[in-house]
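Since the structure comes first, as structure tokens, the remarks are kept for the end.
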Amino acid sequence: MPNESNAPTLTTDDHLILVDGSTFIFRAYHALPPLTRKSDGLPVGAVSGFCNMLWKLLQEGLTPEPGDEPTHMAVIFDHSAKTFRNEIYPEYKAHRPEPPEDLIPQFGLIREATRAFSVHCIEQEGFEADDLIATYARQAEKAGARVTIASGDKDLMQLLGPKVGMIDTMKGKIFGVEDVAEKFGVTPDKVIEVQALAGDSVDNVPGVPGIGLKTAAQLIQEYGDLETLLSKAEEIKQPKRRQNLIEFADQARISKQLVTLKEDVPLDVPLGALAVETLDGPKAVAFLKAMEFNTLTRRVAEKTGADTAEVEAAEFEIKGWDTPDGKGRVMNSAPADQNSKPAERSSSESSHGSAPDTGPWTPDALADSRAEEARTQKIDTSGYETVMDLERLKEWVADAFERGYVAVDTETTSLDAMQAELVGVSLATEPGKACYIPLAHVEGEGDLLGGGGLIPGQIRLEDALDVLKPMLEAPSVLKIAQNLKYDWLVLKRYGIEVAPFDDTMLLSYTVDAGKGGNGMDELSQRWLGHAPIPFKEVAGSGKSMVTFDKVPIERASAYAAEDADVTLRLWRVLKPRLAGDHMATVYETLERPLVPVLARMEERGASVDRQMLSRLSGEFAQGMARLESEIHELAGESFNIGSPKQLGDILFGKMGLPGGKKTKTGAWSTSVSVLDDLAAEGHELPSRIVEWRQLSKLKSTYSDALPGYIHPETKRVHTSYSLAATTTGRLSSSEPNLQNIPVRTEEGRKIRKAFVADKGHKLLSADYSQIELRVLAHMADIPQLKQAFEDGLDIHAMTASEMFGVPVKDMDPMVRRRAKAINFGIIYGISAFGLAAQLGISRGEAGDYIKTYFERFPGIRDYMEATKKFVHENGYVRTIFGRKAHYPEVNTKNPNMRSFLERAAINAPIQGSAADIIRRAMIRMEDRLATSKLSARMLLQVHDELIFEVPDDEVEKTIPLVKDVMEKAPEPAVQLSVPLQVDARAADNWDEAH
DNA sequence: CCTGCCCCATA
DNA sequence: GTATGGGGCAGGA
């Protein structure tokens, strides 16, 4: 189609900058200090800010990198207050106050400034600047050119895409698609849908009452767009929200029209005409001189070769301002021709006018292009730097402020964040640009005098932290780290609370849970095709391993700078995938906010009674010794009871007992179930072995090991929680694992009694009752189960009654036990084989139970079948809150593996939804306690239980609050169709509280 | 000294 | 039948 304007179209090499002049004026006026022309007091603050911005954009474009300068540029203004939007909705922008008096003369001056810099000044009656920007941006994008919108207006975010970026020149912040996800919770193409619902009080866009950004984003993520949502409004569970969506449907539609930018404005000035013209030095200098902007005048003169002395200050009419002398104003700077001819272009450039159509913007397209970029970019370490002086560090920090984000990594003396001493910090600001700041490296071994003197030349730790702290805590700088919880804890111990942040480990986990590990080395390999320097190669391993402070600075620097660089590159790949996969809400509501919560729990630690554990170890040792001689007596020889191999030889070889199960490797199993079977046949040795094993386990894993984890200073035990270790969304705990402290046996509970409260405090344990069965009842929509939970019945007895037709009253405990096993089996993706093993019955009998169960609860079978179908088709399943668990191998031909993965996929939404619920409770808990002025501290999480330390006199008030937060945790995102029940109790130790 | 295996503690 | 972490043993480096 011929270009009607005859102006050359843009090409892929072009870079168009569209400056949103109207919003800039207001923001500059309010943000910058008031500045007046020295000679007569003319207010020029906004003009000054505008000129500086324009100059910078002309010189550098978006970034200072060469080649980034604009080839096309325009400043766009609103023509008048009334536009077509006022016809749709007369109240639109009706709340706008009149501009302040000293701003009025600057409106005209800014247009003068634009012309003085030979930049096109665009405005059109009936349209807002935003519509013109949208139209130009889309046209340029279609031609394949790069577009940068210079504005701080969030309404323009709907335009962002792989080729369209945005810069807030007031804040120096560059926005990409990932920032749209951050702000609106959706991809750019869905921004208008969200705005239509949420409205905007500033522009007086009504939206739907009771729906804000968060809810709007969540609804749009679920339903896709406004119309679909409105057509399905009846399904919305929350009654108030449903009613509003129905009642205000038309208002939402109007809102959408208001926020939708017009992308087809008939342009007075064609796109091609916006080509950047050679700067007319004398003209610009004349204007700047008139404004008395001395610094900028000098700079522009230097750059253009204009002679400041020879150029006279321009004179022009200033509307809205009476000069003190009251004289008329003369125009002596020729006004720039708005329809000036486009700059000459070489024929070769204009010949490939039809640039490849990049197609409609999709989040996946950005994610894909970032992944491609990451794969192909070489990891070039020549841009790495070792920072040894404070001034240079300040420059890095200033750069981080300028960009608004920075990758950070700490190097320390220990993997244990509670013990780690800071050795150095690394930063990265763009791929290949990274630095390491050594702070506490010491001379290596090799001298007998103790060595360890600080290596000279390093910045003093305190000085460096003084410079880093404001940046690490600045709301305007996003800190990017891999497993930030570790760095957060280390820095917290140096008085720094890192915020805000992104965590590449959690980004990967959110998007790819189940597809593999989320550690940095693995992610680097997966996304960058690059194996980072292994820690082992830097610090050694095993006995010869040294702490990081003993690593020579040069080697440390290469390792540490690379870690920051890799982290930044991973962020660039992974962050856009959040939007592409519609997982931003999961990341922002279930993952990221939990990091500081868990960090504080780890920091507090739990108190254990060392004496009690020591006594227990002695007790267990005695019991073991007694059993050991009995066992050797019965066996007729001495052997290592702890060796399954030797034990098997004795039992199934020497003594000739009938072997039961075999292990994977073909050896006879000596597991409890086998030994119990033998014991049931009247053999004495196996039951002694089982008793010995129990004591051995309690001693080695708990009473012996736990004291070793007591922190030398805090005297408490600080576990470490992993947020990204499970496929389902559960946490895991290690070093020590405090999620498997014994509870089932009397002997085991003695360990639990050693977990005690501080003086004047109690331990409070609050646990969800049957949360997974309740989640299942909700998800699979099982009427009998829901009713039973509603009525507060014994769920296992109810199941037994339904299945076997026996009354709940005076039920045989064995019958209830069978039903209980089946209920658990269901959650685990039941198989006749497993149920048979659990209940010690035949597979046939177990199969009959399952059949009966499904007859009574057909909805459960339907749910299981639907889940299997879904996972086979999609390779993942979702929790109620949208978390994904991937099972990429589920279509394998290996029938055992396939069944296993199917069961895991059935279990994941149930286990995972329960995990999501307790996560939500934990995230809210601290605020709720603080609001009620309660000083309870959350210490531990054990999947469906939270443990707090509470001052004695606050126990009574804390219990109902904790219960409330936990029971309402799904809301408002989800209203479960079954009630949640939390049991809470306080006591002096964990055993009695549980 | 590292790794795989077995066994077992929890939800 | 689901999800973890960890100790001890045994075998190969």
Side-chain angles (χ1 to χ4, degrees), chain A residues 513-514 536 540-545 640-648 661-675 689-690 693-706 708-709 719-722 725-745 747-749 751-752 767-773 776 821-839 843 846 850 864 877 885 887 896 899-912 914-915 918 940-945 994:
Chain A
K536 280 195 288 188
S541 67
K543 218 178 140 190
S544 59
M545 185 164 81
N640 184 350
I641 307 169
S643 163
K645 187 169 151 7
Q646 292 183 31
L647 177 62
K661 292 186 296 183
K662 288 280 192 72
T663 67
K664 266 203 288 211
T665 48
W668 288 112
S669 167
T670 62
S671 66
V672 219
S673 65
V674 172
L675 298 181
I689 304 272
V690 170
R693 282 232 183 109
Q694 197 205 358
L695 295 182
S696 165
K697 174 79 176 177
L698 293 175
K699 182 170 185 292
S700 67
T701 308
Y702 302 105
S703 60
D704 283 354
L706 279 174
Y709 287 103
T719 184
S720 173
Y721 288 102
S722 173
T726 72
T727 307
T728 54
R730 272 194 182 176
L731 304 178
S732 77
S733 155
S734 62
E735 293 179 313
N737 181 354
L738 296 186
Q739 289 182 322
N740 69 348
I741 300 303
V743 69
R744 282 173 209 194
T745 65
E747 290 295 290
R749 281 202 294 275
I751 302 281
R752 204 165 262 240
D767 69 301
Y768 285 105
S769 158
Q770 307 286 2
I771 187 166
E772 293 190 349
L773 271 180
L776 175 66
I822 293 171
N823 276 334
F824 274 97
I826 293 294
I827 291 168
Y828 298 154
I830 206 152
S831 76
F833 184 88
L835 184 63
Q838 177 68 30
L839 287 175
R843 280 187 63 179
I850 294 169
M864 292 173 100
V877 289
Y887 296 92
N896 283 334
S899 302
F900 170 75
L901 292 171
E902 285 172 349
R903 289 193 298 272
I906 288 168
N907 172 255
I910 305 169
Q911 192 187 107
I918 198 165
L940 301 173
Q941 189 250 39
V942 192
H943 308 308
D944 66 357
E945 174 188 16
H994 185 71

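The model shown is predicted, which means the values in this text are computed figures rather than measured ones. What's counted below: heavy atoms across the whole structure, side chains too, no hydrogens, waters or symmetry copies. All chains are named by letter (A, B, ...) in the order of the sequence lines, taking the proteins before the strands, and each is independently numbered beginning at 1.
If you check every strand for non-hydrogen atoms under 4.0 Å, A/A846 touches nothing. Residue A/E735 is classed as a sugar-phosphate contact, given heavy-atom separations below 4.0 Å to backbone atoms only. Within the nucleic acid shown, A/R693 comes within 4.0 Å of sugar-phosphate atoms alone, with no base atom in reach, counting heavy atoms only. Using a 4.0 Å heavy-atom criterion, one finds that A/I830 contacts the bases of the nucleic acid, with or without backbone contacts as well. Nucleic acid contact for A/T727: sugar-phosphate only, since backbone atoms but no base atoms lie under 4.0 Å from a heavy atom of the residue. A/N740 comes within 4.0 angstrom of a nucleotide base, judged by non-hydrogen atoms across all strands. Using a 4.0 Å heavy-atom cutoff across all strands shown, A/A915 reaches no nucleic acid atom at all. A/L738 comes within 4.0 angstrom of nothing in the nucleic acid, heavy atoms only.
A donor-acceptor contact shorter than 3.5 Å links the side chain of A/S733 to the backbone of A/L738. Here the side chain of A/R843 pairs no donor or acceptor atom with the backbone of A/A836 at under 3.5 angstrom.
A/I918 places none of its side-chain heavy atoms less than 4.5 Å from the side chain of A/D767. Between A/H994 and A/R749 the shortest side-chain heavy-atom distance does not fall below 4.5 Å. By the 4.5 Å heavy-atom criterion applied to side chains, A/I830 and A/M864 are counted as neighbours. Inter-residue side-chain proximity for A/L706 and A/I751 is flagged as met; some heavy-atom pair is nearer than 4.5 Å. Using a 4.5 Å cut-off on side-chain heavy atoms (C-beta onward), A/Q941 and A/L731 make contact. Annotation: side chain of A/I822 is in contact with side chain of A/I826 (closest heavy-atom distance under 4.5 Å). The shortest side-chain heavy-atom distance between A/N740 and A/Y702 falls under the 4.5 Å cut-off. Between A/N737 and A/T719 there is no side-chain heavy-atom pair separated by less than 4.5 Å.
Taking every heavy atom of residues 664-674 of chain A and every atom of DNA chain B, pairs under 4.0 Å involve A/K664, A/T665, A/S669, A/T670, A/S671, A/V672, by number.
The nearest whole Å value for the distance from the CG atom in A/D944 to the C1' atom in C/dA3 is 13 Å. We find that CD of A/Q911 is positioned 7 Å from P of C/dA3, with the value rounded to whole Å. The nearest whole Å value for the distance from the CD1 atom in A/I741 to the C1' atom in C/dG6 is 11 Å. Put simply, CG on A/N907 is 6 Å from P on C/dA3, counting in whole angstrom units. For the pair A/F900 CZ and C/dT2 C1', the interatomic distance rounds to 8 Å; values are reported in whole Å. Remark: P of C/dG1 and CG of A/L901 are 15 Å apart, rounded to the nearest angstrom.
A 4.0 Å heavy-atom criterion places the boundary nucleotides of DNA chain B facing chain A at B/dC1 to B/dA11, written 5' to 3'.
Proximity of A/R903 to the phosphate of C/dT2: a side-chain N or O atom is located under 4.0 Å from OP1 or OP2.
Judged by the 6.0 Å and 45° rule, A/K662 forms a cation-pi pair with A/W668.
In terms of polar N and O atoms assigned as donor or acceptor, the side chain of A/Q739 never comes within less than 3.5 Å of the base of C/dT4 in a complementary pairing.
Nearest approach of A/R903 to A/S831, heavy atoms of both residues: NH1-CB, 4.3 Å.
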Inset, instruction - For nucleotides 7-13 of chain C, just jot down a letter per nucleotide in 5' to 3' order: B, S or -, based on protein non-hydrogen atoms under 4.0 Å. - result: SSSSS--
